[in-house]
Amino acid sequence: MTGVAIVGAAETTELGVIPHMSQIQLHADAALNALKDAGLGIADIDGVATAGESPTGIAHYLGITPTWVDGTSVGGCSFMLHVRHAIAAINSGQCTTVLITHGESGRSNVGRGSFRGMGASTLTGQFETPYGPMGPPTMFTLPVLRYMKDFGLTHEQLAMVAVVQRQWASMNPRASFRDLITVDDVLNSRMIAYPFHLLECCLVTDGGGALILTSDERAKDFPNPPVYLIGTGESVETPMVSQMADLTSSRAFRVAGFAAMKEAGIKHKDVDHLMVYDAFAHLPIYGLEDLGFCERGEAGSFISEGNTAPGGSLPLNTNGGGLSYMHSGMYGMYAMQESVRQIRGTAPAQVDNAQVSLCLGVGGMFGASGCVVMSRAPH
Amino acid sequence: MANSKRPLPQPTPETQHFWEGTRNGELRLQRCDACAAVYFPPRPFCPECSSRMVSVFSASGRATLHSYVINQRPHPAFAAPYSIAIVELEEGPRMMSNVIGCPQTPEALELDMPLNVVFEKQNDDITLPLFEPAGDRT
């Protein structure tokens with residue numbers, strides 16, 4: 001039981017390619033939209049959390065005098081961790097109303113601080129960078145051949161992850177890519193880093209999103225029905241993908257997912273809607289297994305048989321995901337925005353009677369994870 | 001054959017012994033004197049039991065190909081396509097490296113194939129451990 005709910009949620013007015021807006025303004029555009037969604041003014045906010053920009057910078061830019069800030073930055077799932085930390089802060093009385101913002105000029109690169117990379121004396125700089133990895137497409141992807149050999153996952157099944165998510169995206173007017181694709185389309189798209197083809201890698205876009213959280217007691221007094229936060233979890237494993245304990249499973253996924261489901265007091269059958277951060281096509285496969293929705297080695301066939309597709313038993317990544325909806329770099333915020341829409345009943349590809357949504361994020365290359373369970377009813 | 005544009009490591013006090021080792025043609029690992037765990041990357045305590053009583057030793061250099069990708073995009077220091085691999089050392093730890101001395105294709109790069117370490121000098125300070133197929137060794 002957390003006692004805290006989401007009362008405001010919004011993305012940036014535009015998504016995709018936004019060259020006329022700087023990164024900090026993407027944060028602010030989403031924040032102002034979320035304030036409007038919640039019927040609040042900026043003076044009502046007394047807690048600020050963000051990643052990518054500093055909470056100092058965001059508070060000053062928006063004109064907030066916070067009594068609580070969180071700048072936890074562990075990659076694209078940072079916003080899930082902010083939700084978890086904000087719950088603790090609100091419940092302990094450190095603040096009453098928290099604004100969590102994300103904005104990223106991932107494609108247009110306007111007003112985005114330079115990427116410092118990992119210095120040559122860090123462990124990554126000494127023991128990974130010299131061998132030629134070029135960011136996520138060559139690092140996040142490194143474990144999958146091990147998974148394919150150990151569990152018999154086929155190239156066609158991996159491609160089906162992208163095919164199914166495009167089916168969801170085709171129903172979403174804000175999705176970057178909406179034309180239906182086939183397995184052949186995926187396997188014939190340009191090879192990026194074997195075994196990953198272009199259509200098995202996430203988009204690179206601009207955008208932002210923001211959430212506003214407050215206590216359950218206050219949450220009923222807002223324009224939109226509360227989205228209750230009934231369970232959360234977080235963990236980290238390693239900053240070096242080469243040092244994962246098991247290349248076929250994420251320890252951070254398992255720890256964060258278990259904690260969130262335990263706190264929520266739910267079983268797998270209680271989950272009506274699932275989001276798994278999909279920077280690359282293997283992520284939903286790992287997520288389904290590490291959360292316990294599928295036995296080890298079975299998630300590839302679970303997806304390719306249509307169980308996560310429109311009309312399937314476990315709707316997954318219903319906005320189209322990072323593969324088709326949008327991916328600015330730190331996608332976790334958009335996964336949570338879709339969970340909020342599904343619980344509110346306002347998603348473009350709405351799941352019938354979605355009561356409980358589980359949202360799993362990843363940070364770095366299987367380095368970190370945050371998990372948030374949202375519900376239409378309080379705990 | 002050193003590649004002058006390759007990003008090179010900058011050793012720290014805790015990793016100095018590893019890079020001294022590669023300069024001398026040794027792949028050095030560490031073993032805990034208390035619990036016998038063998039580990040990598042270097043640090044002056046055991047990641048399993050936190051003991052500070054640890055020793056450096058020279059590994060066999062034998063490994064297997066645990067997983068990899070073949071990068072197709074241009075890199076300033078590498079001629080694509082090239083493999084980026086995770087190798088599993090005979091002693092247990094895994095490390096990132098490149099598999100050289102064979103075609104950079106899925107057919108030539110067979111998972112779990114035996115590999116041997118080779119040392120490629122980059123400059124007077126830095127020699128990198130790379131791996132090549134071990135041939136018929138099983």
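Here the structure is a predicted model, which is why all the values come from computation and not from measurement. First the proteins, then the strands, lettered A, B, ... as listed; each starts at 1.
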Student: Pick one of side chain, backbone, both or neither for L65(B), based on which atoms fall under 4.5 Å of a heavy atom in chain A.
Tutor: backbone
Student: Can you tell me which of M191(A), M244(A), M139(A), M240(A) forms the most heavy-atom pairs within a distance under 4.5 Å of chain B?
Tutor: M191(A)
Student: For residues 362-371 of chain A, give me every residue with a non-hydrogen atom less than 4.5 Å from any non-hydrogen atom of chain B.
Tutor: none
Student: Check I84(B) against L142(A) and note the closest heavy-atom contact, atom names and distance.
Tutor: O-CD2, 3.2 Å
Student: Going by heavy atoms in the side chains, are P130(A) and P7(B) under 4.5 Å from each other?
Tutor: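 Side-chain contact under 4.5 Å: no.
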Student: Heavy-atom cut-off 4.5 Å, strictly under: side chain, backbone, both or neither for V241(A) against chain B?
Tutor: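 Backbone plus side chain of V241(A), per the 4.5 Å heavy-atom cut-off to chain B.
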Student: May I have a list of the donor-acceptor pairs under 3.5 Å that connect chain A with chain B?
Tutor:
from    : atom 1 : to      : atom 2 : distance (Å)
A120(A) : O      : Q10(B)  : N      : 2.8
Q126(A) : OE1    : T15(B)  : OG1    : 2.7
Q126(A) : OE1    : W19(B)  : NE1    : 2.8
P130(A) : O      : R6(B)   : NH1    : 2.6
Y131(A) : O      : N98(B)  : ND2    : 2.8
G132(A) : O      : Y82(B)  : OH     : 2.5
M134(A) : O      : R73(B)  : NH2    : 2.8
L142(A) : O      : S67(B)  : OG     : 2.6
R146(A) : N      : S67(B)  : OG     : 3.2
R146(A) : NH1    : H66(B)  : O      : 3.2
R146(A) : NH1    : D112(B) : OD1    : 2.8
R146(A) : NH2    : D112(B) : OD2    : 3.1
K149(A) : NZ     : L111(B) : O      : 3.3
K149(A) : NZ     : D112(B) : OD2    : 2.7
I192(A) : O      : Q72(B)  : N      : 3.0
Y194(A) : N      : I70(B)  : O      : 2.9
Y194(A) : O      : I70(B)  : N      : 3.2
Q243(A) : NE2    : R94(B)  : O      : 2.8
M244(A) : O      : R94(B)  : NH1    : 3.2
A245(A) : O      : R94(B)  : NH1    : 3.4

Student: Counting only heavy atoms closer than 4.5 Å, note whether P129(B) contacts chain A via side chain, backbone, both or neither.
Tutor: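 Both the backbone and the side chain of P129(B) come within 4.5 Å of chain A.
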Student: For P74(B), is it the side chain, the backbone, both or neither that has a heavy atom under 4.5 Å from a heavy atom of chain A?
Tutor: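 Just its backbone gets close to chain A.
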Student: For P143(A), is it the side chain, the backbone, both, or neither that has a heavy atom closer than 4.5 Å to a heavy atom of chain B?
Tutor: backbone
Student: Surrounding CZ of F45(B) (heavy atoms of other residues, nucleotides or ligands, distance under 6.0 Å), is the total greater than 12?
Tutor: yes
Student: How far apart are the closest heavy atoms of I86(B) and L247(A), and which atoms are they?
Tutor: CD1-CD1, 3.9 Å
Student: Would the number of heavy atoms belonging to other residues, nucleotides or ligands and lying under 6.0 Å from CZ of F258(A) be above 12?
Tutor: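 Result for CZ/F258(A): open.
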Student: Which distance, rounded to the nearest 0.5 Å, do you find between the CG of L128(B) and the CZ of F127(A)?
Tutor: 10.5 Å
